[in-house]
Amino acid sequence: MKEGISILGCGWLGFPLALTLKNAGYHIKGSKTSENGVAQLNESGIIGYKIEVFENKVIGPFDDFLSNSETLIIDIPPKLRTNPMGDFTKKIKTLLPHIHSSELKNIIFVSSTSVYENGFPFPIYDESSPTKPESKAGKQLLKSEVLLKTQPNLKTTIIRFGGLVANDRHPARILSGKMNVKNPKAPINLIHREDCIGLILKIIGKNAFGYTINAVFPEHPSKSEYYQHICNKMKLPVPQFDFNSVSIGKRINSQLGQELLSFKYKHPIY
């Protein structure tokens, strides 16, 4: 049996990640916020825990969840759309006393390319670029990154994913048929869920901790070109774009992760 890994947040990405790591021989613990979710984990051979993280406390057996694990993967969303007054960074901070009293050596924190600012002409960002998040969620993710990276006796890798896609989740379904969609000329920055999982496996397998890694598929068609193509392919109504306003956006460079991890993207976004 390989090392123990605890995954905080076994949702749309975390659950298939947990299954993949379990099948690769790792000892996996996973968390959900409901009893039904925990039952699903246990039925899948993952040791399930009901854990809820709040701004001032953690409810659930979090210390047991961390025990005998070398690596913690934090994959919980800020959820500021449903709770605009929430403070995600405070939630991360409540985890720290438990983390420091555990035997953890490494953390992988799932972040987002929303920490980079949109602009025109479209800026190109790599991991050495300055960050200037525009959204509240982006600002709190960046603060959480800094908080985790500066913890003593821990090596934290930040992975900044672009927009996440898979067969069961695609932003084309949200944009389909909409009118006056903004920023039609902006480059897209997307990544398939399977490539997200592949990158995390590489980080663990190569012991690549202590890094910040941008993660998007290395093709960047324009927003209008991409969603017109995808909607036609999925037989959905094509969105109508606003070409009268200046498009703002950004292009994310994901070369570092490919070189550092000897990783090749296998799942095209088309």
Side-chain angles (χ1 to χ4, degrees), residues 3-22 26-112 114 135-159 161 164 169 196-197 200 204:
E3 69 180 80
I5 299 172
S6 296
I7 303 177
L8 183 63
C10 286
W12 182 83
L13 171 61
F15 180 56
L17 170 63
L19 291 175
T20 303
L21 286 168
K22 179 184 75 71
Y26 293 95
H27 182 73
I28 302 299
K29 296 180 178 181
S31 82
K32 298 284 285 187
T33 59
S34 70
E35 295 292 352
N36 287 340
V38 172
Q40 180 192 34
L41 293 177
N42 290 325
E43 289 167 5
S44 301
I46 298 159
I47 303 171
Y49 291 79
K50 183 183 177 185
I51 293 172
E52 296 179 86
V53 183
F54 297 92
E55 294 172 9
N56 60 350
K57 60 184 175 181
V58 181
I59 296 179
F62 194 63
D63 292 328
D64 188 36
F65 170 71
L66 296 180
S67 66
N68 300 316
S69 289
E70 292 184 19
T71 299
L72 170 65
I73 301 173
I74 301 176
D75 182 25
I76 53 175
K79 290 188 175 179
L80 296 182
R81 290 183 181 177
T82 55
N83 182 20
M85 301 305 294
D87 191 325
F88 180 71
T89 308
K90 282 186 178 180
K91 290 184 178 182
I92 299 301
K93 197 170 184 178
T94 63
L95 304 177
L96 295 181
H98 302 274
I99 289 172
H100 286 302
S101 65
S102 73
E103 299 176 356
L104 285 176
K105 298 178 181 178
N106 312 305
I107 293 176
I108 295 174
F109 179 64
V110 174
S111 188
S112 164
S114 65
S135 68
K136 186 175 181 180
K139 291 174 183 177
Q140 293 194 19
L141 282 170
L142 183 59
K143 287 174 66 177
S144 300
E145 288 184 13
V146 174
L147 181 65
L148 290 169
K149 291 275 280 189
T150 54
Q151 295 305 307
N153 304 317
L154 284 168
K155 288 186 176 181
T156 296
T157 284
I158 308 296
I159 184 161
F161 287 127
L164 305 178
R169 171 176 165 176
C196 296
I197 292 171
I200 293 172
I204 295 168

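Just so you know, these numbers come straight off a predicted model, no measurement behind them. Index from 1, following the sequence.
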When you measure from the side chain of Thr156 to the backbone N and O of Leu148, does any donor-acceptor pair fall under 3.5 Å?
yes

Check: Phe109 and Ile92 side chains under 4.5 Å, non-hydrogen atoms:
yes

Between Ser31 (side chain) and Gly9 (backbone), is there a donor-acceptor pair under 3.5 Å?
yes

Asn56 atom CG, neighbour heavy-atom count above 12 within 6.0 Å
yes

State whether the number of non-hydrogen atoms from other residues, nucleotides or ligands found under 6.0 Å of Lys149 atom NZ is greater than 12.
yes

How far apart are the C-alpha atoms of Leu17 and Ile7, what are their side-chain angles, what is the distance that settles it, and do they pass the side chain to side chain contact (heavy atoms under 4.5 Å, CB included) test?
CA-CA 9 Å; Leu17 170 63; Ile7 303 177; 4.2 Å; yes

Donor-acceptor contact present, side-chain Gln40 to main-chain Asn36, <3.5 Å
no

Residue that, paired with Leu72, satisfies side chain to side chain contact (heavy atoms under 4.5 Å, CB included) out of Leu154, Leu66, Asn106:
Leu66

Under the criterion side-chain hydrogen bond (donor to acceptor under 3.5 Å, both in side chains), I'd like the reasoning laid out for Glu103 against Ser67: C-alpha separation, chi angles, the key distance, then a yes or no.
CA-CA 7 Å; Glu103 299 176 356; Ser67 66; over 6 Å; no

Test your reading of the model: is there a side-chain donor-acceptor pair from Gln140 to the backbone of Gly86, 3.5 Å cut-off?
yes

Does a side-chain heavy-atom distance below 4.5 Å link Lys29 with Ile5?
no

Considering non-hydrogen atoms only, spot the tightest contact between Phe88 and Pro78 and give its length.
CD1-CA, 3.5 Å

Are there more than 12 heavy atoms of other residues, nucleotides or ligands under 6.0 Å from atom NZ of Lys105?
no

Side chain to side chain contact (heavy atoms under 4.5 Å, CB included) evaluation trace for Phe161 with Val110:
CA-CA 7 Å; Phe161 287 127; Val110 174; 3.7 Å; yes

With distance as the sole test, does Ser112 use its side chain to make a donor-acceptor pair with the main-chain N or O of Ser114 at under 3.5 Å?
yes

Short side-chain to backbone donor-acceptor contact, Lys32 and Cys10, under 3.5 Å
yes

Is a side-chain N or O of Thr94 found less than 3.5 angstrom from the main chain of Glu55, in a donor-acceptor match?
no

Steps toward side chain to side chain contact (heavy atoms under 4.5 Å, CB included) verdict (Leu164, Arg169)
CA-CA 8 Å; Leu164 305 178; Arg169 171 176 165 176; 4.2 Å; yes

Does Ile59 form a side chain to side chain contact (heavy atoms under 4.5 Å, CB included) with Val53? I'd like the steps, not just the answer.
CA-CA 6 Å; Ile59 296 179; Val53 183; over 6 Å; no

